[in-house]
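Note sheet for the following structure.
Positions are given from 1, in the same order as the sequence printed here. First listed ligand is number 1; within each ligand, the first listed atom is number 1.
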Amino acid sequence: MSAVGILLCAGSSNRMGFDKLNTPLCGKTAIERSADALILGGCDSLVFVVSETSETTVASLPVPVPFTVVQGGAQRTDSVRNGLTAAEGEIAVIHDAARCFVSPAIVRASIDAAQKYGSGVASLPVTDTVIRLGDGEIETLDRSTLFRMQTPQTFRMGQIKAAYAEGGSATDDATLYAKKFGAPHLILGSEDNRKLTTAADWAWALTRLAPPPAYGIGFDTHRLVEGRKLFLGGVEIPFEKGLLGHSDADVLLHAIMDAILGAMKLGDIGKLFPDTDPQYAGISSRVLLHKVNDLVQKWDMIVSHVDATVICQRPKLAPYREEIERTIAEDLGISPDAVSVKATTTEGMNDEGRGLCISAQAIASVRHR
Ligand code: MG
């Protein structure tokens with residue numbers, strides 16, 4: 001059976017404060033995203049129901065199926081009625097363009113249900129307790145009979161046209177359908193199939209579309225020798241020995257820098273700050289960390305999280321942990337909550353356990369700012 005998608009794009013965006021349907025959301029508008037989902041879900045053609053302002057924009061969209069553009073009306077019901085008048089096909093898939101994260105699978109399920117049962121309406125069971133507040137009393141409703149209605153709301157064309165021909169108004173199609181034909185068949189929607197209504201919805205959409213963070217790991221080890229100061233995580237720690245290296249040999253910061261550089265795919269600190277270069281002799285690793293962070297920011301990224309383990313028999317690091325975390329966070333310009341430093345001994349085993357060296361491993365994530 002042929003399915004035509006009726007995409008409702010005539011909303012006023014009053015509660016959003018800007019044209020939410022035609023404003024690109026990470027490169028694609030809500031109208032384009034919804035149209036993609038309808039087509040991928042099985043619609044052979046589309047009817048865009050638009051407001052006057054978006055008519056030309058929508059008409060020039062690169063839509064890979066036959067489509068028409070019609071004007072919406074004052075209410076949602078009027079818009080659907082206009083869309084149905086222009087629609088040709090055996091199944092009508094009515095969808096709010098503001099639900100632009102609908103999955104093609106939900107669209108497909110609604111079409112399948114309409115073919116089998118005459119209707120397929122996306123909805124979600126209510127999981128919260130719902131009450132009706134009366135005059136000083138409440139009535140707790142039986143939530144097993146309650147559903148939150150979404151779209152697509154999909155019907156056999158003849159039936160939904162007949163239901164709309166009866167007149168009347170409703171906030172969704174299932175209500176008008178039910179008046180004439182009884183309860184529609186419900187299919188399971190999804191929390192992701194959220195209607196972009198408020199600024200909070202828009203912020204949620206941006207987060208949902210944000211690329212995942214990138215991760216990198218780092219490892220370093222330095223020999224413990226007499227006559228050197230011990231720096232770990234940028235903090236000087238009183239101890240009878242220190243780490244040997246070209247710089248201040250801060251093994252923890254070195255592992256963290258390698259983790260960050262790995263996440264950025266920018267090589268490692270050996271490549272960036274060669275130990276043959278005299279300008280890095282004795283340098284504080286905090287200066288190097290600043291340089292690494294500058295690189296991250298140059299690419300419009302930010303370090304989002306660091307976790308590290310120092311492998312060290314002595315000294316005990318617990319008293320310095322917080323100061324180390326705070327120092328690293330400060331150097332990276334991020335919250336101390338996003339930096340975690342732990343320490344472990346090797347119970348006297350290995351070179352760390354025998355006090356010959358201190359090692360550190362780290363993982364860091366970076367994301368776009
Ligand atoms: Mg090193």
Side-chain angles (χ1 to χ4, degrees), residues 214-298 303 305-317 320-321 323-334 338-346 349-366:
Y215 298 92
I217 60 169
F219 176 80
D220 196 21
T221 187
H222 281 261
R223 214 177 272 278
L224 262 178
V225 295
E226 282 171 6
R228 296 263 301 179
K229 287 180 174 174
L230 177 61
F231 290 95
L232 286 173
V235 174
E236 186 180 341
I237 293 169
F239 192 50
E240 71 258 21
K241 290 180 178 178
L243 293 171
L244 182 64
H246 186 60
S247 64
D248 64 1
D250 187 328
V251 70
L252 174 55
L253 289 192
H254 290 190
I256 289 172
M257 283 190 275
D258 269 357
I260 295 169
L261 291 170
M264 297 289 297
K265 211 175 179 324
L266 287 174
D268 58 31
I269 50 172
K271 182 177 148 196
L272 245 65
F273 316 115
D275 60 8
T276 48
D277 190 334
Q279 68 167 309
Y280 301 122
I283 197 169
S284 162
S285 295
R286 290 183 69 183
V287 176
L288 304 181
L289 183 62
H290 275 273
K291 287 178 189 280
V292 167
N293 203 37
D294 287 347
L295 270 179
V296 173
Q297 289 177 352
K298 199 179 119 188
V303 174
H305 193 83
V306 171
D307 182 32
T309 300
V310 182
I311 305 155
C312 166
Q313 196 68 34
R314 281 181 61 233
K316 277 214 169 310
L317 297 180
Y320 306 100
R321 251 178 69 172
E323 189 185 349
I324 290 173
E325 289 173 346
R326 221 173 32 243
T327 306
I328 295 167
E330 204 177 290
D331 288 346
L332 293 173
I334 61 178
V339 177
S340 152
V341 172
K342 315 177 300 295
T344 184
T345 70
T346 49
M349 296 179 289
N350 307 334
D351 290 345
E352 291 91 347
R354 284 190 284 276
L356 299 176
C357 67
I358 294 178
S359 303
Q361 47 190 203
I363 183 165
S365 59
V366 297

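Checking D307 against H305 by side-chain atom types alone, no donor-acceptor pair falls below 3.5 Å. If you check the side chains of D277 and Q279, you find a donor sitting under 3.5 Å from an acceptor.
The shortest distance between side-chain heavy atoms of I358 and L230 falls below 4.5 Å. For the pair L295 and I260, the minimum side-chain heavy-atom distance is 4.5 Å or more.
The neighbour count for L356 CG, taken as heavy atoms of other residues, nucleotides or ligands under 6.0 Å away, is above 12.
With respect to the salt-bridge test (charged N to carboxylate O, under 4.0 angstrom), the residues D351 and R354 qualify.
Neighbours of the Mg ion (ligand 1) restricted to protein N, O or S atoms under 2.8 Å: the count is 3.
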